[in-house]
Each structure stands twice: as structure tokens, then as C-alpha cells.
Number of protein chains: 2
Amino acid sequence: MPADPLDRSAAAPGPERAETGAEQETACQPDRFNRARAAQAATILEDYAEMIGDLIAEFGEARVTDIAHRMGVTHPTATKAVARLRREGLAISRPYRGIFLTDEGEALAGRVRARHRTVVDLLVAVGVPAETAEMDAEGMEHHVSRTTLRAFEDYLRQIDAPPGTESSSQD
Amino acid sequence: MPADPLDRSAAAPGPERAETGAEQETACQPDRFNRARAAQAATILEDYAEMIGDLIAEFGEARVTDIAHRMGVTHPTATKAVARLRREGLAISRPYRGIFLTDEGEALAGRVRARHRTVVDLLVAVGVPAETAEMDAEGMEHHVSRTTLRAFEDYLRQIDAPPGTESSSQD
DNA sequence: ACATAAGTGTAGCCACGGCTTCATTTCGGC
DNA sequence: GCCGAAATGAAGCCGTGGCTACACTTATGT
Ligand SMILES: [Mn+2]
Ligand SMILES: [Mn+2]
Ligand SMILES: [Mn+2]
Ligand SMILES: [Mn+2]
């Protein structure tokens, strides 16, 4: 093959790094992806915890079959997820009995539920149809950081304020 | 086994379980999660395709090591991802040579890149700090449907309109 | 009370996406 | 041209999160 006409060495992002001021734009890149992967790992726990919380609120307990049905998976899959919740100290259960949340699990479920609602609300606020917002939020929510969540809340509060009351620029 | 002291019937506030239309309001629920799972499955392909596109734009080709470095993974992981891209008809490569995108892969990369920017822009527009927006968008973007993306674009266009020129919005 | 239905557990399969380790190839300096 | 370094490939491990198939337990109805 022709000796590769492309010399990467010349086009390299920058042999010397101008430190302090300019962050190496490609150096933070891996971090972004790592964070996204970490968020993805928590997705299952979060969704199952919230779901179990919902079922407990409705029926007083969460059963594997109900969890599986609502999550759209088979019951062994739900069982495995519950096992992981148990390992993480988020749920408790006994064989052939319902699943319950620990205090920690309940706290998580609560946070997740609130965040979910905020994300949906924000999407609707910027013009996304309600049904679509509900759909997309189910996946997006797990990647919404605390900072972003707070920004969403502030934004929603701001647009909720009566338009006549214009203390907008200030706090 | 001890005669289980936990009778589920007592724990349940409502003895009767979802007998009426309770199933119907939760019928869409599995679909939401299935969609979120599908979006997650596409995440890897999308991010790698975009990344390969970036590298080609910079260096004329994408090398496994560079991909791995920017994605924050080891090179065998990047190799596996490239293999999957090839299988899906999104990339082409020959042993010990650079990786390139097919027309389809290039189209995907372009869409993903544009969507990424839109998501970041929207986050910033509603008050999320730029760096945080970049972080969160990396994960959120894959769950943004076409409908939501269009809503984002409309919203951004709307707020981009000069505040003084309010011909568009009825007053 | 007992038969059957429904719920649950368990085992084992698969693909994915990380990783380490080692073999092989290509590249670059001399 | 050679040789060492760097890049790439290939094998194989692990955990996750789907699934099916089958065993067992619990609930239910007669
Ligand atoms: Mn979710
Ligand atoms: Mn949710
Ligand atoms: Mn991404
Ligand atoms: Mn992206």
C-alpha cells in the first residue's frame, strides 16, 4: 500500500499542552463517556427502585411478576434485578414473598421519581408533546446531573412565575 | 418454613389487586422502557461513529488507538466496537489499517453530531452551565427522539429571535 | 382436601462491552 | 536494511441484562 499519505504526527492535537488556561479538549472527552457509562450502569437500579416504590404504593408490596410486567421483561430478568437491588442494600425480600425497599431504596425511589417528573415537565415546557416527553424522559433522566436538575427546576419555577411579576433578572 | 408471619393480604391497603382498568394505564409503561433500552443499544454505535467521523476530519483516518484513547477505553474494546460497526455496515477497515465510515456511517455520524449540539444548546438555553451541559448531553442525546429534537430546534430558534422583534409571537 | 393454576426460583443460554494478556504486524530511527 | 517500539489483532475473563425451560411453592376453586 502507498506509504500512508497521512501523517498524524503533524496534525496531532498538540505535542505541548498549554496548561492551566486551555483544557486539552480531547483530554476531558474520555471523562464525558465514562460519566455517561456510569449513569447507564445506575439506570437499571433507578428504574426498578422507582417501579417497586410505585407498586408498594399501589398494592402494599411489589411482586416479581408485576415488576416484570411493568418493566416489559420476563420474570427471571426482574428477579435478577431484584437480586442486584438486594446486593446494593436497596431492597429486601424473602423467597416467594413480596419485595420491599430499604430506607435507602425508598430514598432513591423518591429522588428518581421527582427527577423523572422534573425532566418531563421541562421537556413539555420547551414544547415537547406530553407523550413524547414521557417516552424520552425515561432514558434521559438517568443522565441528568444534580446541576442540570437544579437548572431545570429553576427554569420551571421561572416560567411558572406570573408574567406580570417581573423580578426576572434578579433572584 | 415457619408459617410466614407476613400475609400479603394484610399489608395491602386494597385487598383487591389491579382488577379494573389498572392494567390499562400501565400498559404503555413497558413500551417506554423498551424504547429506552433500544436507545441504549444504539448508544455505542452512535458515539463511536461520531468519534470516528471526528478523527477522519482531523487526521484523514481513524486509528483504533486514537478511538480508544478518546473514548476512554482500551484498544481491544475499541476494536470490538469497530467490528460491530462493520457488521452494521457503518464502517470499513482492513487489518492494521485505519477505520473509515461508509456513506451510511457518515450520515449517522452527521446526524449524531448535529443532535449532540442541539441538545447541548438547549441545555445551555435553559440555564445549564456549558461544561455540565456537555457532560450530560453525552448520555441524554441518545434518548432524544426526532420529535423532541425538532421541539428543541424550534425552541432554540424561537429564543434566538431578537427580543425586540416580536412579530412572531402574538401579543 | 386436593387438583390445578399462578407465582417464583434456578439453571443455563446469548450478546454486549468492559478488561488483561500475549502474538503479530507495521512504523520509524539509525 | 534492521531492530526496537508502537500499533493492531486475537483470545479469553468478567459482570450485566436480556431470554427460555424447567422445578418448585403458593394460591385458588371445587
Ligand atoms: Mn428511566
Ligand atoms: Mn423514570
Ligand atoms: Mn453520546
Ligand atoms: Mn455525543
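Note on naming: letters A, B, ... go to the chains in the order of the sequence lines (proteins, then strands), and numbering restarts at 1 for each one.
- Side-chain proximity of A/Arg97 to C/dG7, C/dC27, D/dA27: nearest is D/dA27.
- B/His116 and B/Glu134 share a side-chain donor-acceptor pair at under 3.5 Å.
- The distance between atom NE2 of A/His69 and atom P of D/dC19, rounded to the nearest whole Å, is 13 Å.
- Counting non-hydrogen atoms under 4.0 angstrom, B/Tyr48 reaches the backbone sugars and phosphates but no base.
- Taking the side chain of B/Thr74 as heavy atoms from C-beta on, and the options C/dC27, C/dG18, C/dT20, the nearest nucleotide is C/dT20.
- When the nucleotides C/dT20, D/dA27, C/dG17 are ranked by their closest atom to the side chain of B/Pro76, C/dT20 comes out on top.
- Between B/Thr65 and D/dA6, a side-chain N or O to OP1/OP2 separation shorter than 4.0 Å is absent.
- Summarising the local packing, CZ of B/Arg37 is surrounded by more than 12 heavy atoms from other residues, nucleotides or ligands at distances under 6.0 Å.
- In this structure, CZ of A/Arg63 is placed 13 Å from P of C/dA6, rounded to the nearest angstrom.
- Residues B/His142 and B/Gln40 have side chains that never bring a donor and an acceptor to within less than 3.5 angstrom of each other.
- If you check every strand for non-hydrogen atoms under 4.0 Å, B/Thr77 touches a base.
- Look at NZ on A/Lys80: it is 7 Å from C1' on D/dG18, rounded to the nearest Å.
- Between the C1' atom of C/dC16 and the CD atom of A/Gln40 lies a distance of 12 Å, rounded to the nearest Å.
- Residue B/Arg37 contributes atom CZ, which lies 9 Å from atom C1' of D/dG17 at whole-angstrom precision.
- In terms of position along DNA chain C, the nucleotide closest to B/Glu88 lies nearer the 5' end than the nucleotide closest to the other residue of the pair B/Gly72 and B/Glu88.
- Salt bridge B/Asp66/B/Arg70: absent, no basic N to carboxylate O contact under 4.0 Å.
- A salt bridge links A/Glu46 with A/Arg115: at least one charged nitrogen is closer than 4.0 Å to a carboxylate oxygen.
- A donor-acceptor contact under 3.5 Å is formed by the side chain of B/His75 with the base of D/dG9.
- Here D/dG18 presents its C1' atom at 15 Å from CZ of B/Phe33, a figure rounded to the nearest Å.
- As a whole-Å value, the separation of A/Arg84 CZ from D/dG18 P is 10 Å.
- Among the atoms of the strands shown, only primed sugar atoms or phosphate atoms (P, OP1, OP2) are found under 4.0 Å from some heavy atom of B/Pro95.
- Here the P atom of nucleotide D/dG15 and the CZ atom of A/Arg87 are 9 Å apart, to the nearest Å.
- Looking at the side chain of B/Tyr96, the nearest of the listed nucleotides D/dG18, C/dT25, C/dG18 is C/dT25.
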